[in-house]
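What you see is a predicted model; the values in this text were computed from it and never measured. We count residues from 1, following the sequence as given.
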Amino acid sequence: MVKSIYSVEYKTVIDALVAERKHAGITQSQLANKLGKPQSFVSKIESRERRLDIIEFFHICRAMGKDGVEILRSAGIC
């Protein structure tokens, strides 16, 4: 069995980010296009195959028209 390198808090943030994307009615492909990335970039982040850094997090939030700090708050991070 492979042990996850991601904390509960990280998983919570990614879940909140995915929920915000879906609530906004934005597909992974649409988000990827706004970011100038392939759809697989978003998919790998959302499936936790690829670790998201803080700068990328805020770029994704901006591309969705969301406030990153509010997403972190909703996830109970700050």
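The shortest side-chain heavy-atom distance between V13 and L52 does not fall under the 4.5 Å cut-off. You'll find the side chain of D15 reaches within 4.5 Å of the side chain of R48, heavy atoms only. Contact check for Q28 versus R21: side-chain heavy atoms found under the 4.5 Å cut-off.
To the nearest 0.5 Å, atom CD1 of residue I77 and atom OG1 of residue T12 are 6.0 Å apart. Atom CD1 of residue I60 and atom CD1 of residue I26 lie 11.0 Å apart, to the nearest 0.5 angstrom. How far CD of Q39 is from NZ of K44: 10.0 Å, rounded to the nearest 0.5 Å. Distance check: L31 CG to I45 CD1 gives 8.5 Å after rounding to the nearest 0.5 Å. Atoms CZ and CZ, from R62 and F57 in turn, are 11.5 Å apart once rounded to the nearest 0.5 Å.
Using a 4.5 Å cut-off between side-chain heavy atoms of Ile, Leu, Val, Met, Phe, Trp and Tyr, with links allowed through other members, I14 and I55 fall into the same hydrophobic cluster.
Listed by first then second residue, pairs satisfying ring-ring contact (aromatic ring centres under 6.0 Å, His included) with a partner in residues 10-38 read Y6-Y10, not counting sequence neighbours. Applying the salt bridge (Lys or Arg N to Asp or Glu O under 4.0 Å) test to every pair with at least one member in residues 65-78, sequence neighbours left out, gives these pairs: E20-K66, E70-R73.
Comment: R50 engages E56 in a salt bridge, judged by a side-chain N to carboxylate O separation of less than 4.0 angstrom.
For the residue pair A16 and A75, the shortest heavy atom distance occurs at CB-CB, 4.0 Å. Across every non-hydrogen atom of C61 and L17, the tightest pair is SG-CD1, 3.9 Å.
A donor-acceptor pair is defined here as one N or O able to donate and one able to accept, closer than 3.5 Å; such a pair exists between the side chain of S74 and the backbone of I71.
With sequence neighbours left out, the ring-ring contact (aromatic ring centres under 6.0 Å, His included) criterion links F58 to no other residue.
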